[in-house]
Participant: 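Take this structure, written in structure tokens, and hold onto it; I'll ask about it next.
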Amino acid sequence: MMMNKPTYTIAVTGLNNTDNPGPGIPVVRGIRESEKFNVRIIGLAYENLEPGIYMNGALDKTYLIPYPSVGIGPYVERILEIHKKDPIDLIIPNLDAELYTFMKAEKTLIQNNIKTYLPTLEQFEERQKTNLNRFGEKYDVPVPKSKTIASVNDIPDLRDEFDYPLLVKGKFYDAYIAYNSEQVINHYNKISAKWGLPVIIQEFIKGTEVNVAALGDGEGNTIAAVPMRKQYITDKGKAWSGITLGDKKLLQITNDLIKKTRWKGGMELEMIKTNQGEYYMIEINPRIPAWIYLAVGAGQNIPEALVLMAMGEKTEPMKEYEIGKMFIRYSYDLIGNIGDFEKLSISGEL
Amino acid sequence: MKLKENIALSESGFLFDPNSGESFSVNSPGKEIVKLLSEGKSNKEIESYIVSHYDTDEKTFQRYMDDFMHSLRRLNLVENDDE
């Protein structure tokens, strides 16, 4: 029997396909490959030069939105203004710094028939880098020792608690290795100026970083999980190339964490595997990662599954994926028209 | 000593460890040794195969084999028979 495919209008953020890419465009690629529904994609951009806006065939429409720092009220007001003109079924926020705003606004969005598929505020908060020690204890997962500092005066005392080298991390992004307290001061100043306080000091665990892109259904089930190791890293520490792994222990850790936390939505689990085969969790990013198209290419279309679950469709857990599948990023010059740039700059839409 | 399960070896001598994502390339005799290890052959059996197929003697082979096994162990590609 022929079934009519539904058409969903899905809004995505994170269109900054730069050398530190947002996950927006890879998410869109996964969604567009779905054979279960048709889509109209609305791009929500913060800057009028986000490359995703100008990529042919990626977005059907783009709207500029203000940064979340304007406050939840004006931010949601802009989303609802867009929704009134161009009704949205689902929003997939893809950037860490906006997630809190979307979680807080979830009720308002639902009242206006806009769906999201996000972790709860509690899940979001407890995995914050500043709460990593507590998270490790609560869920029985090894984590590197971490401490938050909010003043340069705390730096000299670090030598009593940590061995050098150690890591200096921003609350949202950025991590630098420091071999002495002078370097900690430098990194502290740089990070606090960019991302604010506190700054996180973390034990440096020697090993290989391995990551998992996963999706939880909010009831403890892992709907999808694909492990990856970065093969080539940019000077910003971002993956420029990666390969899927057949690491069963890593998958087990992911399944256990999703079960214990009852994680809802997309996530990226960042772990360090030591040479002795021990795993330390360094971070959970509460959203789909920018390398998600590798998971799609390996056989688990996580963006599609997220859309289906958000729309209330039952989705069976995906267990299989191809091991040894690789991605390699590249840069490419798009040619654009000043008219498009003008239209977006003046009217806030394209 | 045996090759770890799942280690993939292609005809070109390309080794892939799916657990770590690491890949390596080995030369022709290296490829044959890895293949024999994956078939569970003992050191003695590998020695007699290599000595009969290559222009080398037992003593020279063992010297290079020790180095090669050390590299495989360091790269986590082999494990003890009882593991």
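Order of the sequence lines fixes the chain letters, A, B, ..., with proteins taken first and strands second; residue numbering starts at 1 for each chain.
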Participant: In Å and rounded to the nearest 0.5 Å, what is the CD1 to CZ distance from I323(A) to F16(B)?
Facilitator: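 Output value for this atom pair is 7.5 Å.
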
Participant: Present all donor-acceptor pairs from chain B to chain A with distances below 3.5 Å, rounded to 0.1 Å.
Facilitator:
from, atom 1, to, atom 2, distance (Å)
P18(B), O, G246(A), N, 2.6
E22(B), OE2, R229(A), NH1, 2.8

Participant: Given that the side chain runs from C-beta out, which part of L245(A) has a heavy atom under 4.5 Å from chain B: side chain, backbone, both or neither?
Facilitator: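 The answer is both parts of L245(A).
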
Participant: Please identify each residue that fulfils ring-ring contact (aromatic ring centres under 6.0 Å, His included) with H70(B), with sequence neighbours left out.
Facilitator: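 If we apply the ring-ring contact (aromatic ring centres under 6.0 Å, His included) test to H70(B), skipping adjacent residues, there are no hits.
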
